[in-house]
Amino acid sequence: MSDEKKMLQELSDQEYKWGFVTDVDADTVPPGLNEDVIRFISHKKNEPDWLLAFRLKAYAHFLTLTPPRWQKVQYAEPDLQAISYYSAPKQKEKPKSIDEIDPEILATYEKLGIPLMEQKRLEGVAVDAVFDSVSVATTHQKKLADMGVLFMSFSEAVESHPELVRRYLGKVVPHTDNFYAALNSAVFTDGSFVYIPKGLKCPLELSTYFRINAANTGQFERTLIVADEGAYVSYLEGCTAPQRDENQLHAAVVELYVHDDAEIKYSTVQNWYPGDKDGKGGIYNFVTKRGLCAGDRSKISWTQVETGSAVTWKYPSCVLKGDDSIGEFYSVALTNNLQQADTGTKMVHLGRNTRSTIISKGISAGRGDQTYRGLVKMGKNAVNARNFTQCDSMLLGDKCGAHTMPYIESRNSTARIEHEATTTKIGEDQIFYCNQRGISTEDAVSLIVGGFCREVFQELPLEFAVEAQKLLSVSLEGSVG
Amino acid sequence: MLRIEDLYAGTQGQDILKGIDLEIKPGEVHAIMGPNGSGKSTLSQVLAGNEAYDVTSGTVTYQGRDLLELGADERALAGIFLAFQYPVEIPGFSNEKFLRTAVNAQRRHRGEPELDAFDFAQLAKDKMALMELDPDLLNRSLNVGFSGGEKKRNECFQMALLEPSLAILDETDSGLDIDALRIVSRGVNALRRPDRSVLLITHYQRLLEYIVPDYVHVLADGRIVRSGGKELAAELEQTGYGWLEDMTAGEVAQ
Ligand SMILES: Nc1ncnc2c1ncn2[C@@H]1O[C@H](COP(=O)(O)OP(=O)(O)OP(=O)(O)O)[C@@H](O)[C@H]1O
Ligand SMILES: [Mg+2]
């Protein structure tokens, strides 16, 4: 092995640096999935009857479904009876202020670079921190409330604004949508709720940070974001988990609902534990994310940087119902070692003059395998609808794989669909050329990959673009040779 | 500056270089000529540290250090620059970013403060003017879609920015028009100093009229078979390499 390869190998063997476990006392139900567990969760959260009914209906439907098998990923089916569906850090009451939160949890978020304490908060970003199944803190709440923005944990929203939750819950992703959406609808524990009132351009970035801590738990969060007429919000989501030998299931549902002239920009930097270099452990990330451009001239923009998880399976989608509505999907997905990803998007054009853009950048390294799967559907009323798709894959080394599966359905002859796809390889000659100018191999790889992902990174809020770039470099270390 | 002794190197178990001896002193310009496939590019790649080639025996000393111990990036930081015969394209990586990263890697190595984008732009502007290169090339992806001549001039522009102690130019004159040849030569001559050396690989005596070498060597089948002064280049232009056949035949006969 050459020195270069050796160095890269060592770097790649370095530990997942977010993999620590926090020692907190938790309230956890015994593993198992049944109606009693669902009633327990609902009771524990003081939910109104209609919500329990929603859960039970979803569960009844779930029992009729079998796990999906069409995706191009291979994994041991998670044993749903071995998972605990509720784990909450033990605390007397819901904390009234940050001071009442378990210092261990605060320290965890500090360590992750997400300060929750008043004096250290991120300027311009409001954070909702979700620890295992529950939201432990939301920053900047007063400032947001003064503007009329509702940004709180899902459970809190159920208590304080049940009418809003009831009006929108399940309207974009019905419980009948798919196996994991049905499961989530039955057992979801917490998540974030956002409502931006008419005409308000939310000046703060809203951010939720998900952390799975307890062993043998699943994380089933539910996010619901509503932008009323003319409103705008930029929402960010970050995720990490401790390093564990067994696989943990993360099956979230995210629903976006956008009224006339409103816009939601949703960015994800997903860094769940990917498993070790032999493929042991890691998160199964089976998420249903969908946005409805219900109003005319509404817009949804998904940006995702996916570097973590053992198996990722998700398709953030847009249903473009309003006339002149716009859907965008910008994605960077990276698979290294034995990671697998089957990801992409669905753009469903229903209204007139609807437009969508898909920019997908897939990077495979090690023995990673990934598939871009995208559906562009033009409904019969989608007069003059347009889609542009660009799908680029980059391979590092010769043991990885990249696949592109675009599906196109058009029922309107005036609709136009364009698709471009490229595959490139970082060659040893490129690395050598950089080395010859004095640039180290590590810097060369990260610059080349950074250049490859530029169109997506520039869609991220600035500080997250920097984070994403760093994350990518760390995840890639050791992948060339 | 550089001393190569009995160097054997190749790839896939096959030697391409079969016993090279060469010494380059500070301030000297050496030219290497020789037929296609004789190993000229291989020599330049081995000196620059391309790991696609294995050195099977021999030594290379550069400024008193064992060059073969150093990685390619360390050699570059130690002042070795190779203008590639076939510059590599990197889509999505801008020429500007590439060069600024390279210049700053070298400055960091020398303990100098790094240049920000503005300082670098100023420096680049001056050097591009010297190479009469279109400033737009700086913002394009590295070498992607550059014409053959633009690629070669971009290599010289990089050399002008990095100011190497030992510049190796692998057929930088091939594919250049007359004006470009003059510009490139001017760039190389501007770099010449008593403490810097140049190794020119070329097929044409014309380049050597602009950059006058101290020595000319002929490489054939992985060996230096003749060395002489600048007049050897003119002679080769006249005779070609046919005489090599006789020579190897003669050797075999012995
Ligand atoms: N990476 C490689 N793999 C296999 N063979 C190689 C490789 N590099 C060089 N060779 C072979 O080694 C020999 C010398 O090649 P080299 O490129 O050094 O020649 P050159 O003298 O530079 O020729 P030219 O004048 O055409 O540029 C050729 O036969 C070539 O095919
Ligand atoms: Mg050559």
Side-chain angles (χ1 to χ4, degrees), chain A residues 1-11 332 359-363 390-396 398 420-458 469 472-473 476 480-481, chain B residues 44-54 68-84 86-110 140-144 151 154-155 158-159 161-164 167-168 170:
Chain A
M1 214 190 288
S2 67
D3 286 350
E4 185 179 290
K5 284 183 189 162
K6 233 180 296 175
M7 176 193 78
L8 287 169
Q9 191 63 50
E10 280 160 20
L11 280 168
V332 166
I359 309 283
S360 161
K361 306 277 179 177
I363 303 158
Q390 184 177 327
C391 236
D392 298 323
S393 313
M394 179 174 263
L395 302 173
L396 285 83
D398 47 18
E420 287 176 12
T422 64
T423 300
T424 47
K425 228 178 143 151
I426 293 193
E428 308 235 335
D429 55 339
Q430 291 175 328
I431 303 284
F432 174 61
Y433 191 71
C434 293
N435 286 163
Q436 211 303 301
R437 300 306 187 239
I439 302 171
S440 69
T441 299
E442 237 178 280
D443 288 351
V445 172
S446 106
L447 286 163
I448 294 171
V449 171
F452 177 72
C453 301
R454 198 173 41 195
E455 287 158 282
V456 174
F457 286 166
Q458 69 196 12
Q469 172 88 43
L472 213 58
S473 311
L476 269 175
V480 175
Chain B
S44 71
Q45 297 277 325
V46 167
L47 292 177
N50 189 344
E51 299 196 349
Y53 299 95
D54 308 309
L68 302 178
E69 278 290 294
L70 305 179
D73 51 342
E74 294 168 314
R75 296 183 199 195
L77 295 175
I80 292 184
F81 178 92
L82 169 62
F84 285 62
Y86 304 109
V88 178
E89 300 183 357
I90 307 185
F93 191 2
S94 82
N95 205 10
E96 191 272 342
K97 186 85 194 252
F98 172 72
L99 283 170
R100 184 150 51 89
T101 308
V103 166
N104 281 331
Q106 306 237 356
R107 291 179 70 94
R108 213 166 38 234
H109 180 73
R110 293 194 297 260
R140 300 212 341 226
S141 283
L142 185 59
N143 290 322
V144 176
K151 281 184 184 166
N154 196 44
E155 292 290 293
Q158 299 183 26
M159 180 182 71
L161 274 176
L162 297 172
E163 302 184 324
I168 305 168
D170 190 357

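Just so it is clear, the values below take in all heavy atoms, side chains as well, and ignore hydrogens, waters and symmetry mates. The sequence lines fix the lettering, A, B, ..., with proteins before strands; numbering per chain opens at 1.
- Between the side chains of B:Tyr86 and A:Asp429, no donor-acceptor pair is found at a separation under 3.5 Å.
- Neither the backbone nor the side chain of B:Leu99 comes within less than 4.5 Å of any heavy atom of chain A.
- Residue B:Asn143 touches chain A through its side chain alone, counting heavy-atom pairs closer than 4.5 Å.
- The environment of B:Lys97 atom NZ is sparse: at most 12 non-hydrogen atoms of other residues, nucleotides or ligands sit within 6.0 angstrom.
- If you measure heavy-atom distances from B:Leu162 to chain A, the contacts under 4.5 Å come from the side chain alone.
- Between A:Gln436 and B:Ile80, some side-chain heavy-atom pair lies under the 4.5 Å cut-off.
- When every heavy atom of A:Arg454 is checked against every heavy atom of B:Gly92, the shortest pair comes out as NH1-O, 3.8 Å.
- Side-chain contact check for B:Ile90 versus A:Cys434: some heavy-atom pair is nearer than 4.5 Å.
- How far CG of A:Asp443 is from OG1 of B:Thr101: 7.5 Å, rounded to the nearest 0.5 Å.
- Residues B:Val88 and A:Phe432 have side chains not in contact (no heavy-atom distance under 4.5 Å, counting atoms from C-beta outward).
- Minimum interatomic distance between A:Gly438 and B:Ala105 (heavy atoms only, all atoms of both residues): O-CB, 3.3 Å.
- In terms of modelled atom types and a separation under 3.5 Å, the side chain of A:Arg437 and the main chain of B:Leu82 share a donor-acceptor contact.
- Taken from CD in B:Glu89 to OG1 in A:Thr424, the straight-line distance is 12.5 Å, to the nearest 0.5 Å.
- If you measure heavy-atom distances from A:Cys453 to chain B, you find no contacts under 4.5 Å at all.
- The line from OH of A:Tyr433 to CD of B:Glu155 is 3.5 Å long, rounded to the nearest 0.5 Å.
- Both the backbone and the side chain of B:Pro87 come within contact range of chain A, judged by heavy atoms closer than 4.5 Å.
- For chain A, no part of B:Glu74 is nearby; none of its heavy atoms comes within less than 4.5 Å.
- Listed options B:Asn104, B:Asn50, B:Leu77 were ranked by heavy-atom pairs under 4.5 angstrom with chain A; first place goes to B:Asn50.
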